[in-house]
Amino acid sequence: MVKALQSLKVTIKELLAVDPISGKTLGQVNKKAIRGLEESMEQVEEKMQEFIAKDGALKGKYDLLTSVKGVGKVLAVSLLVYTQGFTVMDDGRKLACYCGVAPFEYRSGTGVMGKTGVSKFAIKQLKHILHMAAMNSVRYNEEMKAYFDRKVSEGKSKMSVLNAVRNKLLHQIVAVVKRGTPYEIKLDKI
């Protein structure tokens, strides 16, 4: 639904830039479809929240996930779905690999062949959601902001540091779920 809604809105916006009359007409024609998709998305979100609220264990994990600053309801629900409530995957390294944020060396035999990079075999939707959460975390989480600024000032590229933030965020999430206690920020350990 998100992709369909975005597709409609982008098409209208682009057509307005090229041909304002046709763009306006297309906007009027698709007005009901856009409103219907928005209402459907709201209903789906309400149903997801109801489902989480009914299951005590799921609600507890959801609350733990959202206690990590930068983790919102979209990432929390996505991780709960993909990990089946952290019953299938509860290891930070495996989860980072699954999400496509774990760094790998490119090597052949005994020689390193190139730069370190992330695997292309990942759940792209989850990686995108995690990326947005990491960007939010760098903006509003003092701990992640200090880490990001420190690494960038050391000369690391912003994207590689952002990938490290995604990885740290996943490890924090897994630690919170395993420990069973909400996340607490400790700035003196950065």
Legend entry - Smallest separation among heavy atoms of Val71 and Ala76, with atom names: CG1-N, 4.2 Å
Inset, instruction - Answer whether the closest heavy-atom distance between the side chains of Arg93 and His171 falls below 4.5 Å. - result: yes
Legend entry - Note, Leu75 side chain near Leu130 side chain (heavy atom, < 4.5 Å): yes
Inset, instruction - Check the hydrophobic clustering (I, L, V, M, F, W, Y; side-chain heavy atoms under 4.5 Å; chains of links allowed) and say if Leu15 and Leu5 are grouped together. - result: yes
Inset, instruction - Without swapping roles, check the side chain of Ser67 against the backbone of Tyr183 for a donor-acceptor pair under 3.5 Å. - result: yes
Inset, instruction - Keeping to residues at least two apart or across chains, list the side-chain hydrogen bond (donor to acceptor under 3.5 Å, both in side chains) pairs with something in residues 20-29. - result: Asp19-Ser22
Inset, instruction - Begin with the C-alpha distance, continue with both residues' side-chain angles, and end with the deciding distance and a verdict on salt bridge (Lys or Arg N to Asp or Glu O under 4.0 Å) for Lys151 and Glu154. - result: CA-CA 5 Å; Lys151 288 296 182 182; Glu154 289 174 4; 3.6 Å; yes
Legend entry - Contacts of type side chain to side chain donor-acceptor pair (under 3.5 Å), residue His128, not counting sequence neighbours: none
Inset, instruction - Might you point out which heavy atoms bring Gly100 and Asn163 nearest each other, and give the distance in Å? - result: O-OD1, 4.4 Å
Inset, instruction - Decide whether Val10 and Met41 are clustered together by the hydrophobic rule: side chain heavy atoms of Ile, Leu, Val, Met, Phe, Trp, Tyr closer than 4.5 Å, transitively. - result: no
Inset, instruction - Spell out, yes or no, whether Val177 and Val74 are grouped together once hydrophobic residues are joined by side-chain heavy atoms under 4.5 Å, including indirect joins. - result: yes
Inset, instruction - Might you point out which heavy atoms bring Lys156 and Ser160 nearest each other, and give the distance in Å? - result: CB-OG, 4.2 Å
Legend entry - ILVMFWY cluster, Val88 and Leu170 together (side-chain gap under 4.5 Å): no
Legend entry - 4.5 Å side-chain heavy-atom contact, Phe86 and Leu65: yes
Legend entry - Residue list, side chain to side chain donor-acceptor pair (under 3.5 Å) with Glu14, at least two apart or on another chain: none
Inset, instruction - To the nearest 0.5 angstrom, please state how far the CD1 atom of Ile173 sits from the CG atom of Leu64. - result: 11.0 Å
Legend entry - Separation of Leu79 CG from Ile129 CD1 (nearest 0.5 Å): 8.5 Å
Inset, instruction - Determine whether Ile34 and Ile12 make a side-chain contact, defined as any pair of heavy atoms from C-beta on separated by less than 4.5 Å. - result: yes
Inset, instruction - Using a strict cut-off of less than 4.0 Å between a Lys/Arg side-chain nitrogen and an Asp/Glu carboxylate oxygen, indicate whether Glu142 and Lys69 qualify as a salt bridge. - result: yes
Inset, instruction - Could I get the full list of side chain to side chain donor-acceptor pair (under 3.5 Å) partners for Tyr82, not counting sequence neighbours? - result: Gln125
Legend entry - Under 3.5 Å: donor-acceptor pair, side chain of Ser7, backbone of Lys3: no
Legend entry - Hydrophobic cluster membership, Val174 vs Ile123, 4.5 Å side-chain cutoff: yes
Legend entry - Distance (rounded to the nearest 0.5 Å) between Met144 CE and Tyr147 OH: 8.5 Å
Legend entry - Neighbour count >12 (heavy atoms, 6.0 Å) for atom CD, Gln49: yes
Inset, instruction - Determine yes or no for a side-chain-to-main-chain donor-acceptor pair under 3.5 angstrom, with Ser137 supplying the side chain and Ala134 the backbone. - result: no
Inset, instruction - For Asp149, check side chain to side chain donor-acceptor pair (under 3.5 Å) against everything at least two apart and list the hits. - result: none
Legend entry - Side chain to side chain, Met159 and His131, heavy atoms closer than 4.5 Å: yes
Legend entry - Atom pair CG (Leu37) and CD (Glu39), whose distance is rounded to the nearest 0.5 Å: 9.5 Å
Inset, instruction - Measure the spacing between SG of Cys97 and CE of Met89 and express it to the nearest 0.5 Å. - result: 9.0 Å
Legend entry - Validation row: Leu16, Leu26 side chains within 4.5 angstrom (heavy atoms): no
Legend entry - Minimum heavy-atom distance between Met48 and Val77, given as atom pair plus value: SD-CG1, 3.8 Å
Legend entry - salt bridge (Lys or Arg N to Asp or Glu O under 4.0 Å): pairs with one or both residues in residues 157-168, sequence neighbours excluded: none
Inset, instruction - To the nearest 0.5 Å, tell me how far Thr83 OG1 sits from Lys94 NZ. - result: 13.5 Å
Inset, instruction - Check whether any side-chain heavy atom of Met1 lies under 4.5 Å from a side-chain heavy atom of Gln43, and answer yes or no. - result: no
